There are 2 protein chains.
Amino acid sequence: MLEGLVQHDHALTVGMILRRMRTVTGNAQVATLRSPGQIDRASYREVAERADLLADALSKLGVGEGDRVGTFMWNNQEHLEAYYAIPAMGAVLHTLNLRLFPEQLVYIVNHAQDKVILVNDSVIPLLAPHTDKFETVEKYIVVGDGDASALPADKVIRYDELLASASPGFAYPEIDDRSASGLCYTSGTTGDPKGVLYSHRSTFLHAIASGMTDLLGVCGNDVVLPVVPMFHAQAWGLAYAAPLVGADLVMPDKFLQGEPLAKLIEGEKVTVAGAVPTLWMDLLRYADEHKPDLSSLRRVPCGGAAVPKSLMQAFEERYGVLIVQAWGMTETSPLGAVARPPRGLSEEEAWGYRTTAGRIAPGVEARIVDEVGEEVAWDGESTGEVEVRGPWIASAYYETDAPEKFHDGWLRTGDVAAITSNGFIRITDRAKDVIKSGGEWISSVDLENELMAHPAVREAAVIAKPDERFTERPLACIVFDEGKEVPAGELATFLLDRVAKWWIPDEYAVIDEVPKTSVGKFDKKVLRARLEDGELTDRHTVDKIEAAPAG
Amino acid sequence: MLEGLVQHDHALTVGMILRRMRTVTGNAQVATLRSPGQIDRASYREVAERADLLADALSKLGVGEGDRVGTFMWNNQEHLEAYYAIPAMGAVLHTLNLRLFPEQLVYIVNHAQDKVILVNDSVIPLLAPHTDKFETVEKYIVVGDGDASALPADKVIRYDELLASASPGFAYPEIDDRSASGLCYTSGTTGDPKGVLYSHRSTFLHAIASGMTDLLGVCGNDVVLPVVPMFHAQAWGLAYAAPLVGADLVMPDKFLQGEPLAKLIEGEKVTVAGAVPTLWMDLLRYADEHKPDLSSLRRVPCGGAAVPKSLMQAFEERYGVLIVQAWGMTETSPLGAVARPPRGLSEEEAWGYRTTAGRIAPGVEARIVDEVGEEVAWDGESTGEVEVRGPWIASAYYETDAPEKFHDGWLRTGDVAAITSNGFIRITDRAKDVIKSGGEWISSVDLENELMAHPAVREAAVIAKPDERFTERPLACIVFDEGKEVPAGELATFLLDRVAKWWIPDEYAVIDEVPKTSVGKFDKKVLRARLEDGELTDRHTVDKIEAAPAG
């Protein structure tokens, strides 16, 4: 190697962002909604000083390098403090999903061997019933002064008392940027949850990339509302990106309904907000009724599930809010693609891009692969499973073998897609949700999006039902807006100009709600099980598809 | 280290950007101005294929890993091909400054031990006279079909013939991202030039960071005109950032005057252009006379020297073009700071930030240090020498000791500045240009900026002149617009409301031109020498400073 290189070993660490919070971005702030109307504020400089105290206190509790510290918390200032203190001191921030099923929670805490868990008082009831099964947890640090009597008394410490007893000016160790900074388990739909272990390097790179105009474009003049939970893929990295660039953060804590979110956006003049589509549907319903001022919002990355075009159109037309679809998963840190359309297109052409999962992010490499492992051409038509790799993409799970997910440095995403010649990923299905009908594939995702564009349809999930002649046919499970049910034939007619005729489901099941996974995605596994068990009983067959009357 | 980390060893290489040019950004293009009105175009996909040919050809010429390959070229498509082929094949891209003095050029080529030099036919006259002193150069690859007879005939190869003889599909090696990708010498004002050796990691990180909204914000929808030469600090990284995000590049080759630049901006609808202030002054003069349509420009990072506020104001008021000041140097890759003002300020307050060198970039850490090495507070007033460190900042020169520039991982920039509490660097001087008057420091840079705001002043450079009473006093060397000379007293009066009264120079020297370094910076060393040699003879003393009449 030649001598005299630039600082090629300058470590890319969470501690670097923490140093920036004390200095360059120290005047920016985090605001936390504590109860309706009550907002606490702290500058990043204060957050950094409190992170020092937390690191000192954890260190005195015996937390050392590589130890896992769990958080079971909403999005709030204290969670932000944990986001910095724990990795910067060399320990591993293990964010626990508040919506896990009990057996998953127990599995994950024991698998990660969490030594300490920070828990918001408001979610103690979700955690406490299982503490007797946690094998490694020595302390529960309770954030908030609510009742903690359900936790083992000898293991409880109050966060504020802990910080009050700690010393300022913690001496952080030098960290190799290839060591672990964070851990997040994916609630896979099959088998045990699997841990994704982020490194300092991947976290820092992802934070820098989040500031790219083509990705989230978070900048020093933004006010960022991460509605997406900090326990889910590190809040899409927003809790690292915002302090890095000096954007303010607005934390909704447990108040994730349309009304408090709308009031936060209005009151704090939020410019960027990230959330899954279902939450934006809630917000839209609230907004349509109460007309809050959402004009400060300049960009809303939305992902975690396909974003219905109708939702994007509604926000844009009624509120001037630009929703930008983004794609990723826990394994991808999560930024994998963002759907900013190319310049110089007609509105219709631009929508053609905006309704894709997005353009492959700088730093991420992707390919599509067919069933025999051959690469598929990027012609925008041919489909295969999406595989990705890159400096913030997982190539293994934490202490769990999963050769079916990783090979030759590539992550198999489980998404089936076509890629356009300019790198936009058009997802047609989850590999396991594909409907194989008469030797051809039907995209359940496309059908769902088209069905959800019908004014009476609140949610639609399409699954395969066995069919003697075609092997499989689509069954559309529909949640109607209250009192708005329409006949099956009308839905079929509605689809006529929108999808290939042979795709159109000839049967519809009316359901009360689409079951969701712990991160809010449609859980079609549950629907398939209900179909098998004969529980989808409110079924309607299409008699006749009629073309819409001309004009 | 815990098992199962994300791809923490995924190499961040120039080759990664090259792969992206074949795929995601392959449809974007580079346009090169060949002669007035004649523009050649190639897609990035084509550039990547030609880079493969170049790599194959160089490899056959014996260029191996770590070998230095020089380029003596303007900004054009072939230079872009070299930017990718050379690092991706494991060799080192050594960009030679076309404006070097002969002895510097000879020193640099020999110090770097360039094995091959790619040279544009139009600059052969600058290179050929010295080839007999180059100790290691085996081949000259001539780009363009102009006369090459001045070069040693046995060493000349034509670029097009070379590519025609090469094979496609070059097999690039795996590259450790901490190995060298590029080399650029700084034309220091003292001693021999010194080489800055960029790594693949630093180059990739810098390219990602260039896409951040707070920095250059280059995105897939941009058309980027790097007026700043590719031989100067890697064209501020634009030649890597644009292909990474998929922005088009517009290359001016040797046509760097106001007219061709204005026509390129107008014709190619350029959205981002980077250049040093003097070139923008040329462009402004042309634009004021010919009124080209510059409305496509959305952001113009400008740096390399302090950007006069009057220049920024003129472009903004007359053409709606936002010039953004940026700060950096060859040693900083070069992005160190960008002056985007915080939100919510009055126009005047915003100008207070826009006229700084900028806010410290994410990824860069900075401090200011006084004469005894103590850190100075960030209060916006106290000054010290700026020191920086970070993953794209040099911590040594290529095979040259320079302990006076580097210590404890920090680079001493030679700039004297105050830093505001929110991380904006306000440069008051070059350490060596500081004027020490009566025990206090006078900022030559501030004086120059204020003087250049006077409508009759084209350029102003302020140097120290010895003074018995005050040790030093400022001497302002003024270039007037043709036929617009004004008396010294008027300049002094003009400064009265703008700087502290004791700063105001009591003597002015009228000169024809401010001498410039090879990268276009004011070369005050030359002015000081002229002063010493008694060559600054057109001197005017201020008789009386009069306050401007009220109202």
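Every value quoted in this text rests on a predicted model; they were computed, and no experiment measured them.
- If you measure heavy-atom distances from B:R68 to chain A, the contacts under 4.5 Å come from the side chain alone.
- Heavy atoms of B:E65 lying under 4.5 Å from chain A are absent altogether.
- When the candidates B:G211, B:A396, B:G423 are compared by the number of heavy-atom contacts under 4.5 Å with chain A, B:G211 comes out ahead.
- Taking 4.0 Å as the cut-off between side-chain N and carboxylate O, A:D248 and B:R343 count as a salt-bridged pair.
- If you run side-chain contact (heavy atoms from CB on, under 4.5 Å) between B:V24 and each of A:V364, A:I360, A:I419, only A:I360 comes through.
- Interface remark: B:V245 contributes backbone and side-chain atoms alike to the contact with chain A (heavy atom separation under 4.5 Å).
- Classification of A:R201 and B:D177 as a salt-bridged pair holds, one side-chain N sitting under 4.0 Å from a carboxylate O.
- Only the side chain of A:F204 comes within contact range of chain B, judged by heavy atoms closer than 4.5 Å.
- Both the backbone and the side chain of B:R389 have a heavy atom closer than 4.5 Å to some heavy atom of chain A.
- A:Y398 touches chain B through backbone and side chain together, each having a heavy atom under 4.5 Å away.
- Looking at B:N27, only its side chain comes within 4.5 Å of chain A, counting heavy atoms on both sides.
- If you tally non-hydrogen atom pairs under 4.5 Å between each of B:H200, B:E365, B:M16 and chain A, the highest count goes to B:E365.
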